[in-house]
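Quantities reported herein were computed from a predicted structural model and do not represent experimental measurements. Just so you know, these numbers use all the heavy atoms, side chains as well, and skip hydrogens, waters and symmetry mates. One-based numbering, in listed order, for ligands and for the atoms of each.
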Amino acid sequence: MATDETDALSGRRIVIAVSGGIAAYKAAELVRLCIKAGAEVRVVMTKAAQKFITPLTLQALSQHPVATDTFDLQQESTIGHIELADWAELLVIAPATGDILARLAHGMADDLATTVALACRAPLLVAPAMNVNMWNHPATQKNLQTLVERGAHTVGPGTGELACGWVGSGRMSEPAEVLAACVRALGPRDLVGQTVLVAAGPTYEAIDPVRFVGNRSTGKMGFAVARAAVRRGARVVLVAGPTALQTPAGCERIDVESAAQMRDAVMARADGQTAIVMTAAVADYRPKTVAKKKLKKEKLGAAPTIDLEPNPDILAELPGRAYKFRRPVLVGFAAETDDVEKRAVEKRRKKGCDLLVANDVTEAGSGFGTDTNRVLLVGAEGVERLPLLTKDQVADRILDRVVALLPKAGLKLA
Ligand code: C5P
C-alpha cells in the first residue's frame, strides 16, 4: 500500500455501494484496500448485487453490517439511509451498472443505494462496468455526462475481454485504480472557510429583443472551477452568462446575460471573496443602442451596420477597486489564436491579475465546448505549461495556484 494513499484515506468515511454486475466481486477487494488504507467503510448492496456476491463477504471485510434494504426496520434504526448519507465523506458506486447510472442521473431513489446517493452531499465516484454496447449506448453516455456535470468523479471503465464474451470498453477498473480515484475524489479540503466567485460562460449583448452579439463560450471551464472549489470546501458564487449547463451542487448561482449585468453581479459581491476567477468570455463591445422592438429587415436595407461601444472590463477593474475586507486573489483567462505565451504575459500585466490562464482555442482538444484544455498558467514567477488535461483537472491546478497565492495576499487558511 502506497503511503500517500494510507495518509489520504486514514480515518476518512467512505460508503461503497455495490450494484449488480459480474464485477461485483471486485468490490470485495476494493473494500479490503480501503480498510487497509485506514478508511472507515460502510457497504450498501443492491438486490442484484447480492446475486453476485454475498453481504456476508462484504460485512466481514468492512467489519460492519451491510445495508441492503431501505425498509428494513432493524437496519433503518441502526443505520438509516439519511444517517449513512450524512456520515459519508465519499460515496463510491462500484461497480456502477448502466442501470444504476441511469437511476442516479434521473435522481431516482427506488432502492437503498440510490436513496443514499440522492440524500448524500459528499463527492460521488462511479466505477462503471457493463457490456461494451451498453456502455457505448447514447443513453449511458448521456447519463454519465449528466453525473459528471453535476460534479461526479469517474474511474474507468477499462478496455479488454468482458465477462459477456465481447471485447471492448466496459471492464470495471481494478480495485487499486478505484482506490487511487477515491484519494483524488476526496481531494484536498484546502478551501474550507474561503469564498470563491467564478464568472463563467459567454455574455449576450442585445441588438433588439430577438437578436444579440455573442460568442462561442459554453461555460464548461468556469463550471469546472466552481465544482472544484466546492469540492475543496469553498463557499462558491457562480455568476453565469447564458449557458445550458447544470448548476454544480453547493453553488450559489446568479444568472446574467450582458457584460454590464455580469459586471454589476461581480462588483456587488467582490468584497469579502478569497478569490475571483474570471473564466467568462465577456464581450468586449456591445451595440450602442438596443432597439425596443424587433428591427425590421425592410427598414434595415441591404447592408445594415451596428454601431458598437466598449463594455466595461470587469477583470481590469478589480485590482484597483477599494476593498473593505481584503483584495481577493484575481485569476483571468485569455483565449488566444496566436502568439499565446507573449500575449498572455502581456495581458496579465495589463489586467493586473495574479494569475492568467491562457489557451489556444484553435488547438484540437482546447477551448470552447471541449471537455479538455491545454493551458499556460502565467504568474509573477513565470509561465507553467500544463499538458492536455480535462477541464476538471485544469480547474484543480488553477485552485492549487490560488491556494499557493493565499499567504501572499495576507490570508490565512482555515
Ligand atoms: O482582453 P480579453 O477579453 O482577452 O481578456 C480576457 C479576460 O478578461 C477574461 O478573464 C475575461 O473574463 C476578462 N474580461 C472582463 N471584462 C471584459 C473583457 C474580458 O472581465 N469586458
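Ion pairing of Glu29 with Arg32 is present here, as a side-chain N (NZ or NE/NH1/NH2) and a carboxylate O approach within less than 4.0 Å. Between Lys220 and Asp371 a salt bridge is recorded (basic side-chain N to carboxylate O distance below 4.0 Å). Between Arg232 and Asp190, at least one side-chain nitrogen of the basic residue sits less than 4.0 Å from a carboxylate oxygen of the acidic one, meeting the salt-bridge criterion.
Between Gln145 and Gln141, the side chains place no donor N or O within less than 3.5 Å of an acceptor N or O (distance only, hydrogens not considered). With no hydrogens or angles considered, a side-chain donor-acceptor pair links Asp111 and Thr114 at under 3.5 Å.
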Just list the N/O pairs, ligand 1 to protein, that are under 3.5 Å apart, with the distance for each.
| from | atom 1 | to | atom 2 | distance (Å) |
| --- | --- | --- | --- | --- |
| ligand 1 | 1 (O) | Lys351 | NZ | 3.1 |
| ligand 1 | 4 (O) | Lys347 | NZ | 2.4 |
| ligand 1 | 5 (O) | Lys351 | NZ | 3.0 |
| ligand 1 | 8 (O) | Lys351 | NZ | 3.1 |
| ligand 1 | 10 (O) | Met278 | O | 2.7 |
| ligand 1 | 10 (O) | Phe333 | N | 2.8 |
| ligand 1 | 10 (O) | Phe333 | O | 3.3 |
| ligand 1 | 12 (O) | Met278 | O | 3.3 |
| ligand 1 | 12 (O) | Ala280 | O | 2.6 |
| ligand 1 | 16 (N) | Asp313 | OD1 | 3.4 |
| ligand 1 | 16 (N) | Ile314 | N | 3.0 |
| ligand 1 | 20 (O) | Ile314 | N | 3.3 |
| ligand 1 | 20 (O) | Leu315 | N | 2.8 |
| ligand 1 | 21 (N) | Pro312 | O | 2.8 |

Taking distance alone, no hydrogens or angles, what donor-acceptor pairs closer than 3.5 Å link side-chain atoms of residues 338-346 to residues at least two apart or in another chain?
| from | atom 1 | to | atom 2 | distance (Å) |
| --- | --- | --- | --- | --- |
| Glu341 | OE1 | Arg385 | NH2 | 2.8 |
| Arg343 | NE | Glu336 | OE1 | 2.8 |
| Glu346 | OE2 | Arg349 | NH2 | 2.7 |

